[in-house]
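Take a look at the structure below.
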Amino acid sequence: MMALLQLWTMGLVATVALSVSLTVAEDLGLPVGEAEKLGPADIVKKESHPVLFRQKRDWIWNSLYVEEEKPAPIPYKIGQLKSSQNLAVKSFEIDGEGANTIFTVDRKGDLFVTRALDREEKNSYHLTARMFDGNRKLIEDSGHFIVQVTDINDNSPVFPRTYNGSIMERSMIGTKVVEVKATDADDPTTANGELRYSLINDLSAFEIDSNTGVISCKINTLDRESKSHYVVVVKAQDMRGFASGSTATTSVSISITDTNDNIASFTRRTYELQVPEDHNVNERIGTLELEDRDQIQNKEPIFTLPSENSRLFNIEASPNKDGNLMLKKALDYETTNSYTFTVQVREDLTHLRFPADNLNSAVTSAQVYIKVLDVDEPPVFSPDSYTFTVVEESIVNNIGTVSAKDPDGDNKHIRYSILDKDCPIGINPSTGQLFTLRMLDRELEATHVFQVKAQEQPNGLESFVKVNITVEDINDNKPELTVDEIFLCENDMTDTVIGTLRATDKDDQPASFSFSLATESSNFSIRDHGNSTADIIVKMGPFSLDDPKDYSVDVRISDGGQPIQTSITKLAIKSCRCDVRRIPTHCKAGARRMGVSVHALIAILLCILTILVIVILFVMRKRYQKDSLASMKNSGEIHEQLVTYDEEGGGEMDTNGYDVSILSSACHDGSLLRRPDHHPHPSLYAMVQKPSHHSQPTACKGDMAMMIEMKKDEADHDRDGFPYDTLHIYGYEGPESLAGSLSSLGSSSTGSNLDYDFLSDWGPRFKTLAELYGVDGPEYYHQY
């Protein structure tokens, strides 16, 4: 025990010495670390004068508090700054937050507050104090102290947002709905900031935790169908809920969500529906309405039909979960005109802990009565399609019969017809029996497909059926030789195989071809293998290219069918010079003649006949054109120009003004074209202009006008004549002219010493001039 006391005494002395050393070091401005290294002797050496060691003094603080929001019309004291140094004269200075503004100190060390403080704005102030003696010598330096602002209940609770919640109906007691939270700016460590929650309305269904603000279900009988929405008012109160505390309220909206706790119920116990018998399959007949208090997502009805009716009808859910009655199979009024059955509905409620609300009142079965309406239906073919077989190359009067019936009670007469006009099959319109209109060729068309129309009489409904006619093959095609080019070599000896023969047949029947020579050959023979192939073998060799003879064999092919078809084909064999491997190096040119089919010969003859007809038509056309040109030449020249002659004649020079030969076209029948059935006769012009031997020639405008009118009339009615593009008018002076006419048109042989009768002997080309000038007599006049 004495030992422990000695140790404690030594430790205390060391501690005091260390404290004095650190204090001196601080007074000398030395770092603490250096002060720890210096001893008392070292510190004395640093001073220029002797230093007195003193004991460390401390501030003596009292708790300093300021009540918030306390008015300060005049500064009020909140405490005093004290030190263990007891001096008669002393002064204080403070620094820090609010020093000398909010907080002041007097010479006695009393601390004052100059204004009201708000704890929510700042709840504490950190300050430092220094103390001086009467000579302004620092006695106590930088003592730290805190002024606390005490809280008062000057703030009310606040709900920062609105709250909404939801809970499913029939939920268990205590199920959380929503948590509300309010805030209070007062000190939460005091009663001023401690909140309590409570409900101030509708306490029957919900409750709230006073500390946490969690709203929960108070009952387990919430029913959305009875009440789907609640509004509760939550109150928050500080001061731990005491009456003196401040309060705030908020409204919380609570929705009751739906669960499937009601079963679907028919709105009626009997449904009557009408449907025509031609109603489309898989389409709705009617709707069985349901009533379900649950929301649509929880409306899940399950329908049940009697088994005997389920093959005709089916029930599907509509968009609003009602039952759509659907038709699965076509109806027939003549077979069944009404249906009656019971439909049941149920829902799967196995997950519910309670029975359905309407379990005892729901209508879960309903009677459905369907009346089928009769409609006029088209004829019905018993099978959907027909298939018949016809042997080719034969006329068949009874291929088979298609049959349709009127499904209605009227049982109208049916008329049959084939739509395809080019179909080789005919049909009896009354019985529906099919027959061939012409022989069928399987090789041209193996199958004929057409539609037969059945129509109720008269002009009633119609329907169609597809008919397939399969043409059955017979052995009616001759075999055809198929062989590669066959050649022989000069050095081919006896029994050398120079080629292999094969054949094809257009018939569908399997053929067994056999080959033989149609005519005996001195050089070649055929070896038939019996498997539809044969070899051509050299019978006598060798051969020479210098031999001018061309080699060929007539091959007879039999197909072995019923009846047997045989063909003979001439097969040309080329002569070649070959190497040791029997590869031809040089061959003699030769013609390979093959048989020509009948179809090819007919095509060639048709081509020749067509060419001959074209040539004959071309020659006849050329001849007709030549005759037309000759008739034109004989009828005179045509001038498509307008010539006016209404001035004094110029003598012989006036013939240069127009071509007087146009007037000569009137020498015959007045038309431009000579027709062979018209005989020459004097023209109107000749009648008018031909002067007599005893009279002075005169011209009459009336005569010329009559001639022109006649020419126009002939041109209008003559289909063989050329069209007139212009009107040729020939005007001349009449006898009323005092000057008379000097035109050569008025001249005649009478006034001249010349006789023009010799023109008649010059031939047809001068016949017109002979009529104008050299012929006289009334026999040439023609009465128009």
Side-chain angles (χ1 to χ4, degrees), residues 391-393 441-446 471-543 545 547 549-604:
V391 178
E392 66 173 332
E393 305 297 342
D441 188 356
R442 189 202 65 83
E443 286 70 40
L444 294 179
E445 192 170 359
V471 183
E472 195 173 74
D473 185 41
I474 63 172
N475 193 29
D476 60 340
N477 287 277
K478 294 182 178 182
E480 298 177 1
L481 180 65
T482 58
V483 62
D484 296 331
E485 188 176 45
I486 295 179
F487 63 92
L488 58 85
C489 297
E490 285 183 312
N491 56 353
D492 282 345
M493 302 304 292
T494 302
D495 294 334
T496 301
V497 178
I498 63 174
T500 301
L501 303 179
R502 294 178 177 83
T504 58
D505 195 334
K506 293 181 180 178
D507 294 320
D508 192 35
Q509 300 178 0
S512 177
F513 299 107
S514 61
F515 302 87
S516 62
L517 289 177
T519 57
E520 189 67 25
S521 175
S522 59
N523 299 102
F524 307 98
S525 64
I526 291 179
R527 180 191 299 161
D528 194 337
H529 296 295
N531 58 355
S532 297
T533 62
D535 292 335
I536 297 180
I537 301 174
V538 175
K539 190 175 181 180
M540 181 177 295
F543 305 90
L545 290 183
D547 187 357
K549 179 181 179 181
D550 290 333
Y551 297 98
S552 64
V553 291
D554 294 330
V555 180
R556 177 186 287 112
I557 309 172
S558 176
D559 60 5
Q562 292 295 330
I564 295 177
Q565 295 290 336
T566 303
S567 66
I568 297 177
T569 305
K570 183 176 285 297
L571 177 63
I573 300 175
K574 187 183 295 185
S575 300
C576 298
R577 183 175 291 115
C578 307
D579 57 13
V580 294
R581 293 177 297 174
R582 206 177 181 277
I583 296 176
T585 58
H586 174 68
C587 295
K588 183 176 69 171
R592 180 182 178 182
R593 289 170 292 180
M594 300 292 290
V596 181
S597 65
V598 177
H599 298 292
L601 288 175
I602 294 174
I604 294 173

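Look at Glu485 and Lys574 and you find a salt bridge, because one of the NZ, NE, NH1 or NH2 atoms lies within 4.0 Å of a carboxylate O, short of that distance.
The main-chain N or O of Leu545 is found under 3.5 Å from a side-chain atom of Glu490 such that the two form a donor-acceptor pair. Between the side chain of Asp579 and the backbone N or O of Ile583, at least one donor-acceptor pair lies under 3.5 Å. Judged by distance alone, with hydrogens and angles left aside, the side-chain atoms of Asp528 form a donor-acceptor pair with the main-chain N or O of Phe515 at under 3.5 Å. Thr482 contributes a side-chain N or O that, together with a main-chain N or O of Arg502, makes up a donor-acceptor pair within less than 3.5 Å. Checking side-chain atoms of Lys506 against main-chain N and O of Pro479 turns up no donor-acceptor pair under 3.5 Å.
For the 3.5 Å distance criterion, the side chains of Asp535 and Thr500 qualify, holding a donor opposite an acceptor. With no hydrogens or angles considered, no side-chain donor-acceptor pair links Ser521 and Asn523 at under 3.5 Å. Counting only N and O atoms by type, the side chains of Asn477 and Glu443 include a donor and acceptor under 3.5 Å apart.
You'll find the side chain of Ile573 reaches within 4.5 Å of the side chain of Ile498, heavy atoms only. At least one side-chain heavy atom of Asp559 sits less than 4.5 Å from a side-chain heavy atom of Gln565.
For Arg582 and Phe487, the positive end sits near the middle of the six-membered ring, less than 6.0 Å away and at most 45° from its axis.
Note on ring orientation: taking the six-membered ring where Trp is involved, the planes of Tyr551 and Phe543 are perpendicular (angle over 60°, cut-offs 30° and 60°).
Rounding to the nearest 0.5 Å gives a distance of 10.5 Å between CZ of Arg577 and SG of Cys489. Note: Leu481 CG to Ile557 CD1 = 4.5 Å, rounded to the nearest 0.5 Å.
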